[in-house]
Amino acid sequence: MTRLSVEMLAADAPEPITSAGHAQLGIAVLAGIAVIVLLITKFKLHAFLSLTIGSLALGAFAGAPLDKVITSFSAGLGSTVAGVGVLIALGAILGKMLADSGGADQIVDTILAKANGRTMPWAMVLIASVIGLPLFFEVGVVLLIPVVLMVAKRGNYSLMRIGIPALAGLSVMHGLVPPHPGPLVAIDAVGANLGVTLALGVLIAVPTVVIAGPVFSKYAARWVDVPAPERMIPQRPSEDLERRPGFGATLATILLPVVLMLAKALVDIVIDDPEHHVQRVFDVIGSPLIALLAAVLVGIFTLGMPAGFSKERISSLVEKGLAPIAGILLIVGAGGGFKQTLIDTGVGQMVLDISEDWSIPALLLAWLIAVAIRLATGSATVATVSAAGLVAPLAADMSTTHAALLVLAIGAGSLFFSHVNDAGFWLVKEYFGLNVGQTIKTWSIMETIISVVAGALVLLLSLII
């Protein structure tokens with residue numbers, strides 16, 4: 001949803017497709033979410049199908065005509081994919097190019113060459129944060145785990161002392177910083193400014209990742225002292241390459257979309273005249289689509305060609321980068337459909353009324369809703385898109401900065417206490433050779449620290465700006 005559409009929703013909203021009261025709508029919301037939770041956790045149904053069925057269940061419990069519920073869901077799915085689908089695709093292509101060209105390995109090796117024993121955890125969090133900008137969380141884990149295991153083994157470091165900072169860097173980027181799918185969907189849903197959200201997200205991410213990474217890793221290493229499992233050290237992508245791109249070119253390519261989007265946000269603040277030619281230029285080059293497209297095109301020359309890739313291999317690389325995101329796009333789209341169903345049945349207005357009656361700060365309410373859905377479903381993305389749909393009407397009267405903070409509150413809540421219903425939990429457990437208890441003491445607590453610290457910083461910033 002655009003900012004304009006959110007404002008229209010609040011100021012001149014169409015009649016909801018049901019006239020149910022707050023009690024019935026509340027039951028409908030709980031029933032719809034319960035259906036989603038049960039289908040994902042109990043019946044192991046894919047999140048796309050679960051969200052689709054949950055949306056229909058929500059409409060049915062709210063007493064809405066089923067044909068109108070289908071229309072709402074389809075409209076929400078279409079608008080969400082149209083808004084963020086291309087951005088997710090471009091991010092996936094850039095991430096695949098970064099991994100396969102050896103650019104990620106070049107950044108890792110360069111930073112590690114300058115790190116020593118005391119600075120190694122800080123080096124790992126820096127590596128993960130930089131590489132995590134264009135990569136999906138799961139891809140970043142698979143890419144960085146070999147490095148974590150090799151550094152821990154060769155340097156005789158505690159696995160948790162090295163691994164927790166890397167995981168924290170990836171997780172914080174995943175939950176708080178666009179162009180990751182979760183933040184993009186939340187930005188689209190509440191009509192937030194992407195550049196402002198990106199700037200505030202980075203501002204909050206820095207202290208959050210320090211506390212959850214290098215600082216917490218000291219305690220995690222005492223609680224869980226395990227060696228790096230030999231069997232889990234796989235081959236690194238660049239080991240088969242004769243050459244790979246340089247450190248400077250790789251770093252510049254990764255940061256290009258971030259710089260362009262932040263530049264647009266800065267120009268918007270300084271000039272604040274939509275007709276000014278400078279602002280109009282930056283509105284184009286700083287738009288997420290152009291910024292990410294520019295990074296992909298530049299990456300062909302700074303990543304692909306220096307690695308010796310032919311035109312055919314670059315074309316194949318793009319195709320392979322797109323294939324794994326089909327599921328993500330469908331989940332995000334279905335989340336958008338669920339969001340629109342919530343709004344059109346009148347649930348959004350109900351949340352708005354409740355927040356006013358109970359005097360709950362909108363940012364805290366958004367965080368709590370995301371936490372509840374995260375704990376129930378195990379999916380940060382499902383938590384983000386569902387919570388964004390519930391609290392979207394709250395953004396109608398917010399300033400640009402507070403709308404951005406609403407997105408970050410949702411993102412922070414979506415990371416709370418990863419446990420056995422989260423695929424990331426098992427990914428970390430298996431790669432690090434931990435048991436369930438050890439994974440909870442390290443990974444789960446780290447995720448909770450990220451969620452609580454980031455949520456607290458969001459609330460603190462809301463009092464200042």
Spacing of CG belonging to L459 relative to CG belonging to L405, to within rounding of 0.5 Å: 9.0 Å
For the student: nearest non-hydrogen atoms of A362 and L394, plus distance: CB-CD1, 3.9 Å
Distance-minimising heavy-atom pair for M160 and S217: O-CB, 3.7 Å
Exam field: side chain S444 to backbone S418, donor-acceptor pair closer than 3.5 Å: yes
Closest approach of S50 to L39 (non-hydrogen atoms, all atoms of both residues): OG-CB, 3.4 Å
Separation of L51 CG from H46 NE2 (nearest 0.5 Å): 10.0 Å
Under 3.5 Å donor-acceptor, S451 side chain and A412 backbone: yes
P274 side chain reached by R280 side chain, heavy atoms, under 4.5 Å: no
Stepwise side chain to side chain contact (heavy atoms under 4.5 Å, CB included) test for L200 and I465: CA-CA 11 Å; L200 293 177; I465 59 177; 3.9 Å; yes
Side chain to side chain, W122 and L126, heavy atoms closer than 4.5 Å: no
Interatomic spacing from OG in S72 to CZ in F338 - rounded to 0.5 Å: 12.5 Å
Working for side chain to side chain contact (heavy atoms under 4.5 Å, CB included), residues L363 and L408: CA-CA 9 Å; L363 299 178; L408 298 174; over 6 Å; no
Nearest atoms (heavy-atom pairs only) where G321 meets A92: O-CB, 3.5 Å
Member of T208, V209, L167, I211 meeting the side-chain contact (heavy atoms from CB on, under 4.5 Å) criterion with I450: T208
Atom pair CD/OG1 of Q24 and T345 - distance to nearest 0.5 Å: 10.0 Å
Side chain to side chain, I285 and K264, heavy atoms closer than 4.5 Å: no
Closest approach of P214 to P165 (non-hydrogen atoms, all atoms of both residues): N-CG, 4.0 Å
S399 (side chain) donor-acceptor with H402 (main chain) under 3.5 angstrom: yes
Check: F417 main-chain N/O paired with T448 side-chain donor or acceptor under 3.5 Å: yes
Whether W223 and Y219 hold their rings parallel, tilted or perpendicular, with breakpoints at 30° and 60°: tilted
Check: I204 and L461 side chains under 4.5 Å, non-hydrogen atoms: yes
Heavy-atom check, side chain of V172 versus side chain of S129, under 4.5 Å: no
Residue pair I33, L58: steps toward the side chain to side chain contact (heavy atoms under 4.5 Å, CB included) verdict: CA-CA 8 Å; I33 293 176; L58 167 67; over 6 Å; no
CG-CZ distance between L329 and F48, expressed to the nearest 0.5 angstrom: 11.0 Å
Test log, rule side chain to side chain contact (heavy atoms under 4.5 Å, CB included), inputs D268 and F282: CA-CA 8 Å; D268 287 346; F282 275 89; 6.0 Å; no
Flag side-chain contact, heavy atom, 4.5 Å: M124 against L112: yes
Cation-pi, Y157 ring and R161 (6.0 angstrom, 45 degrees): no
Any donor-acceptor N/O pair, S287 side chain to V284 backbone, under 3.5 Å: yes
Exam field: side chain H419 to backbone I440, donor-acceptor pair closer than 3.5 Å: no
N/O donor-acceptor pair under 3.5 Å between H180 side chain and G132 backbone: yes
Between OG on residue S55 and CG on residue D344, distance to nearest 0.5 Å: 11.0 Å
Side-chain heavy-atom pair P183, T197 within 4.5 angstrom cut-off: no
L94 vs I254 side-chain heavy atoms within contact, under 4.5 Å: no
Whether Q279 side chain and H276 backbone form a donor-acceptor pair below 3.5 Å: no
Pairs satisfying salt bridge (Lys or Arg N to Asp or Glu O under 4.0 Å), at least one member in residues 445-465, at least two apart: R374-E447
Heavy-atom closest pair, residues A189 and A388: CB-CB, 3.8 Å
Given I410, I373, I369, T381, the one that forms side-chain contact (heavy atoms from CB on, under 4.5 Å) with S386: I373
